[in-house]
Enquirer: 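Can you read through this structure? Questions will come right after.
No hydrogens, no waters, no symmetry mates; every other heavy atom, side chains included, goes into these values.
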Amino acid sequence: MSIPVIDFGSYSLDEEEVPEEPMHDLRQQLKTALTEVGFVFLKNTGITQEEMDRVLDISLKFFQQPDELKRPFCWTNFDSPCHGWVFPEEERLNPLRPPDLKEAFNVGFLQPDIKWPQGEFREVLTSFFHRSKELSLRVLTVMAHSLGLDPEVFLSAHRFVGLKNNATALRTLYYPPVGQEVKEGQVRCGEHSDYGTISLLFHNNEGLQVRTRSGEYIDVPVSPGYILINIADLMQRWTNDQFTSALHRVLLPPAGDSNTRQSVVFFLNPDDEALITCLDGSNKYPPVTGRAYLMKRIHATLD
């Protein structure tokens, strides 16, 4: 099995609206991919490879600084884990493994008085946050149509993206070279599923693997200009398992490979007080608010 690829050109960020016939094809393709795999590549989204590269480049400059220059931006200095630096080996996404060999910077609250690294870091990442937000809401619209729903069912639960009432985050990640001090069972990012609604992934090196319904892990290729979309846990609960939130991981590179790895992920989450209940009226999953579910999952990962 491989990750499906869908041409999103008819509803890209360059288009105002999509005619009915292309929307019909788009929603059918997206529904099939998200129910059978839970992951899908989108091409021709309107977000260019140049935009992605700019985020990766400026992020790398931040991560390559000494820790003492990054420490003032540690997430613990802010009101929420949705903004700031996450230092190396602070998280373990699989509690059965040692801490993950990665560091990150989260961008979630776009208030003017919040502290940022100097230079273009803030401008570049906030611009990309807004672009990713716009694309993710378009993806939600197509997903709603694919289920025969009014798009407002999903969109109305994402009114405060970028504000304090919502924990959506753009996360830029850095996986340093792997040395000799690796612990037994340690990987770059342990097996996990994402927490919120959907995620948008941009990456520059191989290493990501996705678990299929049969239980095997498959490698995710690097395809310049493509964006990897995946279903997260709350969307699976919301749709009563129609859409699948799949486990994924980033393993260590082959022995002797000293390459670094970078990725940027836009984690779309529902508003803090949005109540997520099964859309079919069943009680398979109990109602939960966006914030309650997210905070429970985040705190479980911090080492």
Enquirer: Quickly, which of Val161, Thr168, Ile227, Ile198 forms a side-chain contact (heavy atoms from CB on, under 4.5 Å) with Ser136? Name it, please.
Expert: Ile198
Enquirer: Any carboxylate oxygen within less than 4.0 angstrom of a Lys/Arg side-chain nitrogen, looking at Arg54 and Asp57?
Expert: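 Result for this pair is no, no salt bridge flagged.
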Enquirer: side-chain contact (heavy atoms from CB on, under 4.5 Å) for Phe87 and Lys70? Distances and angles first, verdict last.
Expert: CA-CA 9 Å; Phe87 59 81; Lys70 294 182 281 189; over 6 Å; no
Enquirer: Any donor-acceptor pair under 3.5 Å linking the side-chain atoms of Gln29 with those of Asp25?
Expert: no
Enquirer: To the nearest 0.5 Å, how far apart are CG in Asn259 and OH in Tyr175?
Expert: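 Spacing of CG (Asn259) from OH (Tyr175) equals 15.0 Å.
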Enquirer: Describe, in one word, how the ring planes of His83 and Phe78 are oriented to each other, choosing from parallel (under 30°), tilted (30 to 60°) and perpendicular (over 60°).
Expert: perpendicular
Enquirer: Would you confirm whether Glu134, through its side chain, and Arg131, through its main-chain N or O, come within 3.5 Å as a donor-acceptor pair?
Expert: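 The answer is no, because no donor-acceptor pair under 3.5 Å joins these two groups.
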Enquirer: Might you confirm whether atom CD of Glu152 has over 12 heavy atoms from other residues, nucleotides or ligands at distances under 6.0 Å?
Expert: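 Counting neighbours around CD of Glu152, more than 12 heavy atoms of other residues, nucleotides or ligands fall under 6.0 Å, so yes.
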Enquirer: Main chain of Tyr217, side chain of Gln209: is a donor-acceptor contact present, judged purely on distance under 3.5 Å?
Expert: no
Enquirer: Does any donor atom in the side chain of Asn166 or Asp271 lie under 3.5 Å from an acceptor atom in the other side chain?
Expert: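 Per modelled atom types, Asn166 and Asp271 side chains form a pair under 3.5 Å.
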Enquirer: Tell me, do His158 and Leu137 make a side-chain contact under 4.5 Å, heavy atoms counted?
Expert: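 Yes - at least one pair of side-chain heavy atoms lies under 4.5 Å apart.
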Enquirer: Would the distance check show the side chain of Asn94 and the main-chain N or O of Leu96 forming a donor-acceptor pair, the cut-off being under 3.5 Å?
Expert: yes
Enquirer: Charged N to carboxylate O below 4.0 Å: is that the case for Glu191 and Arg211?
Expert: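 No.
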Enquirer: Between Ser12 (side chain only) and Asp14 (backbone N and O only), is there a donor and an acceptor less than 3.5 Å apart?
Expert: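 Yes, because the side chain of Ser12 sits within donor-acceptor range (under 3.5 Å) of the backbone of Asp14.
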Enquirer: With distance as the sole test, does Arg97 use its side chain to make a donor-acceptor pair with the main-chain N or O of Gly185 at under 3.5 Å?
Expert: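 Yes.
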Enquirer: Is there a donor-acceptor contact under 3.5 Å from the side chain of Gln186 to the main chain of Pro99?
Expert: yes
Enquirer: Asn106 side chain to Ala169 main-chain N or O, any donor-acceptor pair under 3.5 Å?
Expert: no
Enquirer: Answer yes or no: is there a side-chain heavy-atom contact under 4.5 Å between Val55 and Leu125?
Expert: yes
Enquirer: Do any N or O atoms from the side chain of Asn77 and from the backbone of Pro72 form a donor-acceptor pair under 3.5 angstrom?
Expert: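 Confirmed, Asn77 side chain pairs with Pro72 backbone.
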Enquirer: Considering only NZ, NE, NH1 and NH2 on the basic side and carboxylate oxygens on the acidic side, decide whether Glu15 and Arg138 come within less than 4.0 Å.
Expert: no
Enquirer: If we check ring pair (Phe, Tyr, Trp, His ring centres under 6.0 Å) with Trp238, which of these qualifies: Tyr293, Phe243, Phe154, Tyr285?
Expert: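 Passing option: Phe154.
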Enquirer: State whether the side chain of Arg188 and the backbone N or O of Val250 hold a donor-acceptor pair below 3.5 Å, judged by distance alone.
Expert: no
Enquirer: For the residue pair Phe63 and Tyr174, categorise the inter-ring angle as parallel (less than 30°), tilted (30 to 60°) or perpendicular (more than 60°).
Expert: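 Answer is parallel, since the angle falls under 30°.
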Enquirer: Give a yes or no on whether the backbone of Pro176 and the side-chain of Thr260 come within a donor-acceptor separation of less than 3.5 Å.
Expert: no
Enquirer: Within a strict 4.5 Å, meaning less than it, do heavy atoms of the Pro117 and Phe73 side chains meet?
Expert: yes
